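Here the structure is a predicted model, which is why all the values come from computation and not from measurement. In what follows, chains are A, B, ... by sequence order, proteins preceding strands, each numbered from 1.
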2 protein chains.
Amino acid sequence: MDRRRTNENDEATAKERPTLKTLAFMTGLGVTTVSRALKDAPEIGAETRRRVQLVAKQIGYRPNRAGVRLRTGKTNVISLVLNTEHELMSFVSDIIYGVTAMIADTPYHLIVTPYSRSQDPMDPVRYLVETGSADGIIISRTQPNDPRARYLLERGVPFATHGRTDMGLVHPYHDFDNYAFANEAVRYLAATGRRRLALLAPPIGLTYHGHTVNGFTDALSEVGASEVAFNTVTIDHSIEQIRMRTAQLMRRSDRPDGFVSSAAASTLAIVAGIEDAGLKLGRDVDVVSKQSSELLHLFRRELLVVNESFRLAGSELARAVLGWIGGAEPGSLQSLSKPGEVLPYRG
Amino acid sequence: MDRRRTNENDEATAKERPTLKTLAFMTGLGVTTVSRALKDAPEIGAETRRRVQLVAKQIGYRPNRAGVRLRTGKTNVISLVLNTEHELMSFVSDIIYGVTAMIADTPYHLIVTPYSRSQDPMDPVRYLVETGSADGIIISRTQPNDPRARYLLERGVPFATHGRTDMGLVHPYHDFDNYAFANEAVRYLAATGRRRLALLAPPIGLTYHGHTVNGFTDALSEVGASEVAFNTVTIDHSIEQIRMRTAQLMRRSDRPDGFVSSAAASTLAIVAGIEDAGLKLGRDVDVVSKQSSELLHLFRRELLVVNESFRLAGSELARAVLGWIGGAEPGSLQSLSKPGEVLPYRG
DNA sequence: TTGGCAACCTGTAACGTTTCAGTATATTGA
DNA sequence: TCAATATACTGAAACGTTACAGGTTGCCAA
């Protein structure tokens with residue numbers, strides 16, 4: 001069916017959505033002039049410009065996205081690429097809010113492009129590039145040698161990564177300083193007398209796994225504490241698995257007296273495992289955990305927390321992508337968020 | 001700048017993305033024929049049809065979204081409208097996954113359209129409709145008399161609501177049976193001897209506030225238990241406020257011995273408040289709570305939970321919207337999800 | 001007066017798609 | 001044999017936008 005408007009002439013009191021043609025008719029100008037006037041082109045007279053813009057505002061003109069996109073290739077879309085199995089709930093929610101807050105006053109829309117375990121993480125990225133579905137892309141779960149980043153750089157598609165790469169290539173990113181987090185967590189535990197520490201790390205393969213492990217081990221040797229290996233699970237594992245492994249670990253004679261945990265949900269599992277083994281948090285063992293919302297202290301007061309804002313990450317990532325689209329240098333669009341102090345429960 | 005391709009003729013080994021014109025050249029047919037062949041139009045010869053489709057698949061032809069959208073008005077977009085202040089974290093994450101899972105094998109993209117406290121909830125909906133930005137809309141935080149639903153029905157825009165309305169108008173929805181939830185929660189508590197119950201309800205104004213309250217009060221009179229008013233806070237309030245109000249309540253002599261809570265995060269606050277008052281969960285008071293992920297039992301084993309799947313909600317809402325777009329009767333696209341049993345901690 | 005030039009404006013074409021109104025060829029009915 | 005009809009295909013136009021290549025004025029210098 002053809003959805004063409006019934007009033008072929010735009011003279012009728014247009015109930016239809018106004019277009020450049022409508023504006024051209026109303027102002028008595030050509031569509032070209034109207035188009036340029038709306039973008040403040042210098043070859044349009046100042047008075048005409050103001051007049052066109054006034055009328056446009058009055059009748060609520062909004063450029064047709066499909067028209068612009070077809071003609072220019074510009075989609076005015078940012079895509080957030082998410083793994084549907086392994087992203088943290090709080091991550092998804094907060095990063096979306098961060099991104100949408102940043103693009104709120106722009107013409108950009110946010111589309112969410114998912115991929116699942118069964119798929120190559122490259123799939124959604126390739127899809128977006130090949131179909132020209134977005135002007136900019138945000139990817140998470142960044143790897144040291146990340147084929148997605150490499151591919152996007154090759155294609156010249158603006159993007160930003162949540163987490164850094166380590167390929168000698170320059171691109172926008174936002175990252176939380178997980179080295180500092182793990183380092184400070186260890187120091188804090190050591191300062192309270194804990195000497196045998198275990199780390200529940202991010203999944204191997206992601207860049208911040210390395211950062212976290214390095215921060216952890218560096219601090220261990222600096223404070224003279226030792227590590228109790230706990231690398232059969234990562235924060236990608238299920239609650240049940242982490243809990244079971246923790247309980248297992250805590251029943252050994254060489255059990256740790258301190259944990260550093262990279263994710264809040266995993267921390268719930270660690271604590272459950274500790275208690276399964278009949279031990280008591282705060283007495284037998286301390287746990288320092290990252291969290292993105294203020295829930296862990298409700299869970300157990302004895303927990304020690306470090307806050308990481310995913311909302312900030314979302315905003316920064318969106319800012320970076322928009323900046324790149326706007327012509328800024330990719331190298332100038334990198335940010336690293338420092339962890340705050342390790343926080344015990346405050347009254 | 002004009003981004004027109006350098007090879008004006010499509011004869012060159014097209015490094016560019018193939019279009020109908022490319023296919024037309026390769027098959028020796030006209031673009032019209034190609035277009036129709038791809039949609040299995042009956043007036044195209046069976047052999048030609050197969051040939052075109054084969055070539056299209058071979059070279060990876062994908063219709064240009066902007067072209068289709070400009071010509072037909074079809075956007076192939078579903079928009080999820082979210083409140084950035086009050087949606088639950090788990091809700092956002094799971095509903096997005098549910099929706100994306102359902103639209104994965106369709107040409108649809110999901111865009112997230114946010115609105116904040118300061119805005120009229122109608123704003124994003126009006127924006128979407130006026131700019132024709134989506135073929136279908138999913139809205140949450142549904143009200144008994146919901147102006148968004150009324151508006152979308154008037155405009156004939158396909159949509160589905162998370163939660164029901166009560167305006168005598170028929171439209172697709174998915175809802176969790178919160179009446180049954182509250183009812184069964186009360187019965188369970190009563191069966192364990194609890195007699196003075198408090199309800200932490202959804203925010204007044206949303207339809208499921210009424211459902212929940214009704215299920216609660218109906219069950220109260222059926223089992224002969226009494227209500228302890230707890231309506232100074234709702235699940236929209238902050239953790240701190242709920243906690244404080246709970247503690248306040250629990251210090252009164254006529255304190256409740258059972259709670260029904262409509263959201264997991266709020267339950268954490270309730271428990272904290274209970275403990276602030278020096279009381280013990282499971283001994284002095286029991287709490288039945290909805291949850292959307294299996295975390296509450298890690299938090300306190302004594303909690304009693306009822307599961308609500310937001311992922312299911314996302315899938316069902318997407319299915320409903322797609323169904324409406326596909327021409328199904330709105331009235332046939334309604335679903336109500338029954339709560340499972342109240343679950344105590346299982347070893 | 002005229003040529004040159006700046007300032008301001010305009011028509012046409014094109015992006016990729018679908019619909020409309022055909023055309024050409026083969027097939028049928030009488 | 002010829003017209004009517006069915007089958008298979010096609011060109012042109014249009015959706016709304018922007019880039020290109022102009023077109024008019026009016027003014028100034030020569």
Inset, instruction - Return the nearest nucleotide to the side chain of B:Val68; candidates are D:dC9, C:dA14, C:dT17. - result: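 Output: C:dT17.
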Inset, instruction - Taking only the side-chain heavy atoms of A:Thr48 (C-beta and beyond), determine which of D:dT18, C:dG16, C:dC9 contains the nearest atom. - result: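 Nearest listed nucleotide: C:dC9.
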Inset, instruction - With axes from five pairs an end, tell me the bend angle of the helix from C:dT1-D:dA30 to C:dA30-D:dT1, nearest 10°. - result: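 That helix gives 60° between its end axes.
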Inset, instruction - Within residues 27-44 of chain B, find the residues that approach DNA chain C with a heavy atom at under 4.0 Å, and present them sorted by residue number. - result: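 Only B:Thr32, B:Ser35, B:Lys39 qualify.
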Inset, instruction - Tell me yes or no: between the side chains of A:His171 and A:Thr165, is some donor less than 3.5 Å from an acceptor? - result: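 Side-chain D/A pair, A:His171 to A:Thr165: present.
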Atom [atom1] of [X] to atom [atom2] of [N]: distance rounded to whole Å?
X       : N      : atom1 : atom2 : value
A:Arg62 : D:dT17 : CZ    : P     : 13 Å
A:Arg49 : C:dA7  : CZ    : C1'   : 12 Å
B:Arg71 : C:dA14 : CZ    : P     : 19 Å
A:Leu20 : D:dC15 : CG    : C1'   : 13 Å
A:Leu70 : D:dA13 : CG    : P     : 18 Å
B:Arg65 : C:dT18 : CZ    : P     : 13 Å
B:Arg51 : D:dA8  : CZ    : P     : 14 Å
B:Lys21 : C:dC15 : NZ    : P     : 5 Å

Legend entry - Partner residues of B:Ser140 under the side chain to side chain donor-acceptor pair (under 3.5 Å) criterion, sequence neighbours left out: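 If we apply the side chain to side chain donor-acceptor pair (under 3.5 Å) test to B:Ser140, skipping adjacent residues, the hits are B:Glu87.
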Inset, instruction - Sequence neighbours left out, what passes side chain to side chain donor-acceptor pair (under 3.5 Å) with B:Thr27? Give chain and number order. - result: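 Scan of B:Thr27 (side chain to side chain donor-acceptor pair (under 3.5 Å), adjacent residues dropped) gives none.
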Legend entry - Spacing of CG belonging to B:Leu23 relative to CD belonging to B:Gln58, to within rounding of 0.5 Å: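 Nearest 0.5 Å value for the CG-CD distance: 11.5 Å.
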Inset, instruction - Sequence neighbours left out, what passes side chain to side chain contact (heavy atoms under 4.5 Å, CB included) with A:Gln143? Give chain and number order. - result: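 Checked A:Gln143 against side chain to side chain contact (heavy atoms under 4.5 Å, CB included); matches are A:Asp146, A:Pro147, A:Leu206.
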Qualifying salt bridge (Lys or Arg N to Asp or Glu O under 4.0 Å) pairs, either residue in [range], two or more places apart:
range                       : answer
residues 314-328 of chain B : B:Glu316-B:Arg319
residues 95-116 of chain A  : none
residues 150-163 of chain A : none

Under 3.5 Å donor-acceptor pairs involving side-chain atoms of residues 33-40 of chain B, not counting sequence neighbours:
from	atom 1	to	atom 2	distance (Å)
B:Arg36	NH1	B:Glu43	OE2	3.2
B:Arg36	NH2	B:Glu43	OE2	2.7
B:Asp40	OD1	B:Gln53	NE2	2.9

